[in-house]
S.K.: 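Before anything else, here's the structure in question.
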Amino acid sequence: MTVMFETGNIEPEVWARPFGSGEEFHKVGGEVHSSDGLVYRAQLTGLVSNTLYEYYVLTKDGEGIQRVTQPFAFKTWPGASDDVSEARFIALSDTQLDRTIYEVVLRNVVTDGFMVHECDASQPETCAENIAGITISGDVVQTGGNRGHWRNQLFGRMADITPYVPLITVPGNHDYYSNAELQLYRTYLSPPDNGSVGYEDHWYYLDYLDLRLVGLDSYPISGAHGKFNADTLVVQRQWLKETLKDAELQQKQFVMGMFHHGCLSEMWNAGESIGSCEMVTELEKYSERNDAVTGHFFGHTHTYSRGQSLNTSHLWLNAASASGYIEPLDDANFQNSQISDYDTFEVSRSEFGYSVLTYRFGADASVTLERKKGGYDGDLDFEVVDTVTFDAEVNNNLPQVMAGTGELPATAVALAIQVAAPDQVHEVQWQISETDTFDEVVFDVWGNETRRQNLFYDEASLVGGDLYMGFEGIDTQLGADIFQLDLSGHLASRSVRPGADAHYRWNKRYASQATHTSVYDEYAGQARPQLDLKPGTTFYWRARVRDASMNWSAWSTVTSFTMEGTRTENLLVNGGAELGDLTGWTVSSGAVNVVVGVSNGLAAAEGERYFTGRGFGNGQPADCCTDTAYQLVDLSAYATRIDAGEVYLEAGAELTTWNGVDETAFVVELLDASGQPIAWSGTGPHTTKTAKNWETVTVNGLLPAAVRSVKIYIGGTRKQGTDNDVYFDDVTVNLLY
């Protein structure tokens, strides 16, 4: 254990011994831990695990008279042989004091919350017995470079408990203010020295039996509310991967990350960070690989939010607010610019309070979260307002299809399932695809409208509450039947994309947050496709159900429905190059060739032939280096339907390259009656970096009014070598109406 204290006296020592034992004290001298010599650190080693210790701090005043503090206590963390099966941690965030009216909050959280509900204030050593640690997910103080803020805002208001329970923190943006090198943060805190060299105190990990707590620093990787540093992100991300690999080797049942800036933040979108989303993704991967429970604690926005990942047992916990100001949810401008009801989050509550996490180790491992509300004067009951348990159990509640088959009109697509034990279902996930194998684009309907509850906020004029007691949310799912999905109505009010909220991890609301294109984003910064119920199209769907402990069932059988309407044949001539020449196509730059796959060393995606760029024994034009060909398709016969908003265009092609260097370009250009381009979201160019592995590129969407023709371009640019290795096959254009 590390004991830290501040004093103007001299010759400080920490004396410790097993609580109530009467044994001889273990004496450790304090080492100076601040530039002015006032802060000391005493690292006590050689202690017995899972043991309650009493300790004192002794100093001498200016006259050489010894001074002794009151007795304090701490409990060492257990070892594997101590037969400890449970641990409780308190999670806080944003303990800074940014408005004087909230000065009472953190003190009340400690004295009326912790000391009453988690331990006995008259016997504070019970806090050491009952609580393994207190985590603070950043913004520990208002201004990191202000000494008084550390003394008064943090330790002054938490003095009843910090001498008894380990304080586990990560820095937030406020902790960097006037403190760019985190001098005072590093003066008053002493995290483990197991992070990256050169980034001491910025990130680290702690192990409590089969729980690994991973502290991270989101400020230098955040963009908004932090200057983005790509090099720091690379170092921290690699360290996290190695730390998780080590946890995997040690078979950790739980891994919890801590950082300040949220990946997704329902009550303050401007506080989100792509860098944080990369950390979340790594933790989710750990859960997926090891069937373990993971999670992350964050803050930055001063609202309690709790959610779960789509595919893994991963907890999202905004642990605020423990003192930071409450956002004005009764302000229409704030609501319009800052809040989003994300599918990932099930509960958001505008309030002060704290969260308790109870970890149970062993064969029936689980973690239970309880949220306790309170802190402002007049709100000191600290009642439990939210609870959830994550465990790893088998869910055999297999869904059976009840509706959603046959030919259906676009206005009345309704899916339905039933299960043997409906009361055990907490949420449903529906998947829709145009392939029955679900191996291409898969759309996910999951979240707010498919689970038992969704606590969010009404429009500003209807929100009750205030900036002191918090604002009152509503359950948007009250009375909902989660076993039915009105897909037509759902699509009329919102978009449906692959991965549900995954789009918002990598596509942020404000330009200052667009720090980089993440290596974790499979769409590489492009907007994810959106589901359209296109006429004449067959869709396949399946569903699964999740229990209250976040365990998914197996998928239902795959079922299909077909949209009423017509799908034309391919309107392109020679879209697969099987005529052996460029019949139907016009070369617009460079040269475009047709090759036989067997002769070229790459089999065709379909048939025997495909299109390439210049070279391949057909000569090379002098101009360099882009080769394109196009085909113009007249759509005037469909003008009435197009102008009535009834026609979808679906264009597709198979694309690849030889080694991923030369750049393919598949472009879909819409033209009016005068041949002038009409803006359209699907125009492109669409490309691929695959090497000798065909990738299907599909572009579809409703045609705007006034479209009278479509021009399809294939080709690309040579970047290396003699031949332009851009390959196209099976190019198609269909209308659906």
Side-chain angles (χ1 to χ4, degrees), residues 93-96 135-146 149-150 168-205 213-244 256-265 268-283 296-301 318-320 324 505-506 508-521:
S93 189
D94 296 76
T95 48
Q96 85 267 27
T135 65
I136 303 179
S137 304
D139 280 3
V140 183
V141 296
Q142 174 66 7
T143 306
N146 186 313
H149 288 181
W150 288 95
I168 305 166
T169 70
V170 292
N173 50 296
H174 279 272
D175 306 315
Y176 271 91
Y177 293 165
S178 300
N179 190 32
E181 300 301 322
L182 292 181
Q183 294 96 332
L184 286 183
Y185 179 92
R186 298 167 71 178
T187 290
Y188 281 105
L189 302 165
S190 183
D193 188 18
N194 53 19
S196 303
V197 175
Y199 295 89
E200 290 79 7
D201 301 335
H202 288 264
W203 47 83
Y204 61 91
Y205 70 86
L213 286 168
V214 183
L216 299 163
D217 187 354
S218 59
Y219 179 78
I221 65 173
S222 65
H225 313 102
K227 187 176 181 180
F228 178 70
N229 186 311
D231 293 339
T232 300
L233 175 59
V234 170
V235 174
Q236 186 170 197
R237 189 173 61 206
Q238 181 60 33
W239 175 87
L240 177 59
K241 288 181 178 181
E242 294 169 359
T243 298
L244 294 178
M256 297 288 165
M258 292 171 52
F259 44 83
H260 185 61
H261 299 73
C263 166
L264 299 176
S265 182
W268 192 32
N269 297 165
E272 297 177 5
S273 163
I274 291 175
S276 293
C277 290
E278 295 192 357
M279 304 306 173
V280 172
T281 302
E282 280 296 333
L283 291 163
H296 68 281
F297 312 152
F298 66 102
H300 206 32
T301 175
N318 184 339
R505 296 192 186 196
W506 319 118
K508 296 304 183 186
R509 191 168 187 173
Y510 297 103
S512 60
Q513 299 165 294
T515 51
H516 63 294
T517 298
S518 174
V519 295
Y520 298 88
D521 178 12

S.K.: Would you say E242's side chain and L240's backbone share a donor-acceptor pair under 3.5 angstrom?
M.R.: no
S.K.: I need the minimum non-hydrogen distance between S196 and W239, along with the two atoms involved.
M.R.: OG-CB, 3.5 Å
S.K.: Looking at T232, V214, N194, which hits side chain to side chain contact (heavy atoms under 4.5 Å, CB included) with W203?
M.R.: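 Testing W203 for a side chain to side chain contact (heavy atoms under 4.5 Å, CB included) against T232, V214, N194 leaves exactly one candidate, T232.
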S.K.: Measure the shortest side-chain to side-chain distance between N318 and T301 over non-hydrogen atoms and say whether it is less than 4.5 angstrom.
M.R.: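 Heavy-atom side-chain distance check passes, below 4.5 Å.
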S.K.: For T135 and M256: C-alpha separation, side-chain torsions, deciding distance, then whether side-chain contact (heavy atoms from CB on, under 4.5 Å) applies.
M.R.: CA-CA 11 Å; T135 65; M256 297 288 165; over 6 Å; no
S.K.: Counting C-beta onward and ignoring hydrogens, is there a side-chain heavy-atom pair between L244 and K241 closer than 4.5 Å?
M.R.: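 Heavy-atom side-chain distance check fails, nothing below 4.5 Å.
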S.K.: State, to 0.1 Å, how close I274 and S518 come at their nearest heavy-atom pair, and which atoms those are.
M.R.: CG2-CB, 4.1 Å
S.K.: Counting the benzene-type ring for Trp, do F259 and H296 have ring centres under 6.0 Å apart?
M.R.: yes
S.K.: Side-chain contact test, heavy atoms from C-beta onward, threshold under 4.5 Å: evaluate it for H149 versus L184 and give yes or no.
M.R.: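 Not in contact.
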S.K.: Over 60° means perpendicular and under 30° means parallel, so classify the ring planes of H300 and H261, tilted if in between.
M.R.: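 Correct class here is tilted.
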S.K.: Answer with yes or no after comparing the ring centroid distance for H225 and W268 against a 6.0 Å cut-off, counting only values under it.
M.R.: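 H225 vs W268: aromatic centres under 6.0 Å.
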S.K.: Measuring from atom CZ of F298 to atom OG of S93, what distance do you get when rounded to the nearest 0.5 angstrom?
M.R.: 8.5 Å
S.K.: State the CD1-OG1 distance between I221 and T515, to the nearest 0.5 angstrom.
M.R.: 8.5 Å
S.K.: If you measure from CD1 on I136 to CD1 on I168, what distance do you get to the nearest 0.5 Å?
M.R.: 10.0 Å
S.K.: One pair to check against side-chain contact (heavy atoms from CB on, under 4.5 Å): L233 and M279. What are the steps and the verdict?
M.R.: CA-CA 10 Å; L233 175 59; M279 304 306 173; 3.9 Å; yes
S.K.: Please evaluate residues W150 and V140 with respect to the criterion side-chain contact (heavy atoms from CB on, under 4.5 Å), reporting the C-alpha separation (whole Å), side-chain torsions for both, the decisive distance (0.1 Å), and the verdict.
M.R.: CA-CA 8 Å; W150 288 95; V140 183; 4.0 Å; yes
S.K.: Is S222 reaching over with its side chain to a backbone N or O of S273, donor-acceptor style, under 3.5 angstrom?
M.R.: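 Not at all, since once roles are kept as given, no pair shorter than 3.5 Å links the two residues.
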S.K.: So, applying side-chain hydrogen bond (donor to acceptor under 3.5 Å, both in side chains) with D217, which one of Q236, H260, H202 is it?
M.R.: H202
S.K.: I need the S276 OG to Q513 CD distance, nearest 0.5 Å.
M.R.: 10.5 Å
S.K.: Show the numbers, then the answer: is there a side-chain contact (heavy atoms from CB on, under 4.5 Å) between D94 and Q142?
M.R.: CA-CA 9 Å; D94 296 76; Q142 174 66 7; over 6 Å; no
S.K.: Let me confirm one number: the CG-CG distance from L182 to D201, rounded to the nearest 0.5 Å.
M.R.: 8.0 Å
S.K.: Short question: side chain of H174, backbone of T143 - any donor-acceptor pair under 3.5 Å?
M.R.: no
S.K.: Quick check for you: to the nearest 0.5 Å, what is the distance between E278 atom CD and T281 atom OG1?
M.R.: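 Those atoms lie 7.5 Å apart.
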S.K.: Do C277 and Y520 have side chains that approach each other closer than 4.5 Å (heavy atoms only, starting at C-beta)?
M.R.: no
